[in-house]
2 protein chains.
Amino acid sequence: MTTTRRDTYTPESLLAVAVRVFNERGYDGTSMEHLSKAAGISKSSIYHHVTGKEELLRRAVSRALDGLFGILAEEHARVGTAVQRLEHVTRRTVEVLIAELPYVTLLLRVRGNTDTERWAMERRREFDQQVADLLKEAVADGDLRSDVELRLATRLLFGMINSIVEWYRPDARGASSGAQVADAVVQLAFAGLRSGS
Amino acid sequence: MTTTRRDTYTPESLLAVAVRVFNERGYDGTSMEHLSKAAGISKSSIYHHVTGKEELLRRAVSRALDGLFGILAEEHARVGTAVQRLEHVTRRTVEVLIAELPYVTLLLRVRGNTDTERWAMERRREFDQQVADLLKEAVADGDLRSDVELRLATRLLFGMINSIVEWYRPDARGASSGAQVADAVVQLAFAGLRSGS
DNA sequence: AGAGTAACCGAACGATCGGTCGGGACAAGA
DNA sequence: TCTTGTCCCGACCGATCGTTCGGTTACTCT
């Protein structure tokens, strides 16, 4: 057996360190020297585990995208009324976003400077499009208001959800759980801020 | 008089070019070589107009912050009930964000790698705090729901508003005006997605 | 015509970039 | 004990980074 102890780096454990630094300094603002300092090994040693800086980015955004697309495969995202499915996807997106916070954070910040970044942006657009279709269906059912333009509403909904990566810190004192945040998002998105609704 | 023609760069006109490139590639991902290509002048010529790359960033985020803090100085942001003032600030924030889109976009993306970036983040936090206080007051008045945690609601509201920089393109066909987007944001934020409210 | 200056340029600076290379330390299996 | 492979290192590579410098062009004012 080779499932013995691991006090050395694996590609996965190195990825966790790298993604943390990427999110602190930005991908372009992070040098391999920064990563080596954060990981506690030399710059050249990093290349023993991964082929380079871009592989770390690719692994990270892949993990985020897998989590998101996994939601669309869930049963509650495929059966039921459109508005019910939309609510489920909304809630689960918040939960996945929080469960895979650093990876999704990185995904949401890529600018398209390299092939990897452009691929990530494209796949992310596919996910957004599928949710947009769901919202469109719910409006057609008469379950969602139709006076606000569809594309606008979709983008504002995603804006609200995706903003979580900018402020949610799981280790903060009095931090809400993923489910609590998901509740708040669903409440605000579907019923609004105003009282007595 | 020296108010004659200007077919040459000023610090301001150069800034407009730089900010556009910064937003396309990210600040760290943009080299002075990129800027010189986009501006159509040589790399060294840029230093005739500005002291360096960081001054361009400082000028850009200053302009964005001036626009935002200007809102809080407006009369409708200082008199009236809290919920009315909040609604005004919300609407005007959307409008300013769209009017100064590239500058605010840059402001919202700084990561804190330099002194300039950290200063920008601090001033932005001050603005957010003042709006948060307004929301708190409106909840105390009973005009906004109190079952969703205050900090959570504030952040989701800002998330929705700030997400505009990620998708709003004024030159797109069928693009909404700033006022129209502001309407949609106010509608969704205060009344929610659900129909019949 | 001559002086002054704003706008610009190519070449080069030291520093840092992502990545390569040859080899050492160490544990496991024979 | 000797090999094999994992994990890591310092030294170094060419390229690119933000910035500086000396100098040229072209326009304005006298």
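From a predicted model like this one, the values you see are computed outputs, not experimental measurements. Chain identifiers are assigned alphabetically (A, B, ...) following the order of the sequence lines, protein sequences preceding nucleic acid strands; residue numbering begins at 1 within each chain.
Side-chain proximity of Ser44(B) to the nucleotides dC8(D), dG18(D), dC9(C) is greatest for dC9(C). Set against dC21(D), dC7(D), dG18(D), the side chain of Thr8(A) has dC7(D) as its closest nucleotide.
Taking 4.0 angstrom as the limit, Ser45(A) places none of its side-chain polar atoms (N or O) nearer than this to OP1 or OP2 of dC7(D).
Of all the residues in residues 46-54 of chain A, His48(A), His49(A) reach under 4.0 Å from DNA chain D with at least one non-hydrogen atom. Of the residues in residues 21-42 of chain B, Thr30(B), Ser31(B), Met32(B) come within less than 4.0 Å of DNA chain D through at least one heavy atom, sorted by number.
Pairs of residues two or more places apart, or lying in two chains, never qualify as ring-ring contact (aromatic ring centres under 6.0 Å, His included) while including a residue from residues 128-168 of chain B. The salt bridge (charged side-chain N to carboxylate O under 4.0 Å, His left out) contacts involving residues 113-122 of chain B comprise Asp115(B)-Arg118(B), where partners must be two or more places apart or lie in separate chains. Pairs passing the side-chain hydrogen bond (donor to acceptor under 3.5 Å, both in side chains) check and including a residue from residues 95-109 of chain B, sequence neighbours excluded, read Arg63(B)-Glu100(B), Arg63(B)-Tyr103(B), Arg92(B)-Glu95(B), Arg109(B)-Glu166(B).
Residues satisfying the salt bridge (Lys or Arg N to Asp or Glu O under 4.0 Å) test with Asp147(B), not counting sequence neighbours, are Arg145(B). Partners of Glu75(B) by salt bridge (Lys or Arg N to Asp or Glu O under 4.0 Å), not counting sequence neighbours: none found. Scanning for salt bridge (Lys or Arg N to Asp or Glu O under 4.0 Å) contacts around Glu24(A) gives Arg20(A), with sequence neighbours left out. Scored by the salt bridge (Lys or Arg N to Asp or Glu O under 4.0 Å) test, Arg124(A) finds no partners at all (sequence neighbours excluded).
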>> Set out, in order, the CA-CA distance, both residues' side-chain angles and the distance that settles side-chain contact (heavy atoms from CB on, under 4.5 Å) for Trp119(B) and Leu65(B), then state yes or no.
In response: CA-CA 11 Å; Trp119(B) 166 80; Leu65(B) 287 164; 4.1 Å; yes
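Distance Glu55(A) CD to dG18(C) C1': 14 Å, rounded to the nearest Å. Whole-Å rounding puts the Lys43(A) NZ to dG10(D) C1' distance at 11 Å.
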